[in-house]
Amino acid sequence: MKVKFPTNLVEAREFQKSIAVKVSLKDTVRKIKRIGALDVAYKGDIGYAAGVIYDLEEKEIIEKQTFSERVTSPYIPTFLFLREVPLFLNLVKKFTNDPDIVFIDGHGIAHPQTAGSATVFGVLWDKSTIGIAKKPLRPFSYEKTKTKNMDRIFIKDRLVGIRYKVRKDWNPIYISPGNRVSVNTSFEIVKRNMTEKYKLPYPSQVAHAFSLEAKSIV
DNA sequence: GCGACAG
DNA sequence: ATCTTGTCGC
């Protein structure tokens, strides 16, 4: 798919609007066998993107890939996709295994324009993606659920994700659909892949560690 | 009007 | 995200 990537913030906002109308929150994935996870580490203006694919049946990481490139867009809240999505699109070209769904560090639809990194990437690649962030993006509001450690995240009266407090004394994580998955399923999949020691799901942990490794072993 | 604001 | 010392806690 050919895409003319935005070159300034005005174009970027229009781009996000065009992405937002293409988002699907339907659960298209029947059975999840492989989960992908992507993350980026930086050294100066070089971004080191790392991706892993976790096989749920084998219970192991079956593939790891990296892609690094100079990143010129500065970090501006709500415009993170300008920095990371180009790296992700190049990185996933290297995958020989096709993931059923992909975890992305950052927000999906829990974003002012309904178009966080996980959503932009998910729509462009036409893949199921889930955004997992450590901090919320304003404006937002919460609504309690029956479960004590999870709250619904709302943006302008629209359910956009789940705030999940993995451990009582840990800061919560913010889970939202990127594309082709519902809010509830996003939460269930992430919850099902947690480990005891970290607040991020296993595939994300490995992707994060791998990006740091890729950054330092240069 | 100013400030808050993923990684 | 990254830059960084000591320090608190399991």
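Just so we're on the same page: letters track the sequence lines, and every chain starts at 1.
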Just to be sure I understand the rule, does [X] reach a base, reach only the sugar-phosphate, or reach nothing, if contact means heavy atoms closer than 4.0 Å?
| X | answer |
| --- | --- |
| A/A41 | sugar-phosphate |
| A/Y75 | base |
| A/F140 | nothing |
| A/P136 | sugar-phosphate |

Length of the line joining [X]:[atom1] and [N]:[atom2], which is rounded to integer Å:
| X | N | atom1 | atom2 | value |
| --- | --- | --- | --- | --- |
| A/Q113 | B/dC5 | CD | C1' | 11 Å |
| A/Q16 | B/dC5 | CD | C1' | 13 Å |
| A/R83 | B/dA6 | CZ | C1' | 12 Å |
| A/K215 | C/dC3 | NZ | C1' | 10 Å |

Using a strict threshold of under 4.0 Å (side-chain N to carboxylate O), is an ion pair present between [Y] and [X]?
| X | Y | result |
| --- | --- | --- |
| A/R34 | A/D98 | no |
| A/E14 | A/K17 | yes |
| A/D100 | A/K33 | no |

Q. Does the side chain of A/R138 get closer than 4.0 angstrom to OP1 or OP2 of B/dA4 through an N or O atom?
A.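 So the side-chain polar atoms of A/R138 never come under 4.0 Å of the phosphate oxygens OP1 or OP2 of B/dA4.
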
Q) With respect to the phosphate group of C/dA1, does any side-chain polar atom (N or O) of A/K134 fall under 4.0 Å of OP1 or OP2? A)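 Result: yes.
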
Q: Identify whether NZ of Lys or CZ of Arg in A/K215 sits under 6.0 Å from the centre of the six-membered ring of A/Y48 and within 45° of that ring's axis.
A: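 Here A/K215 fails the 6.0 Å and 45° test against A/Y48.
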
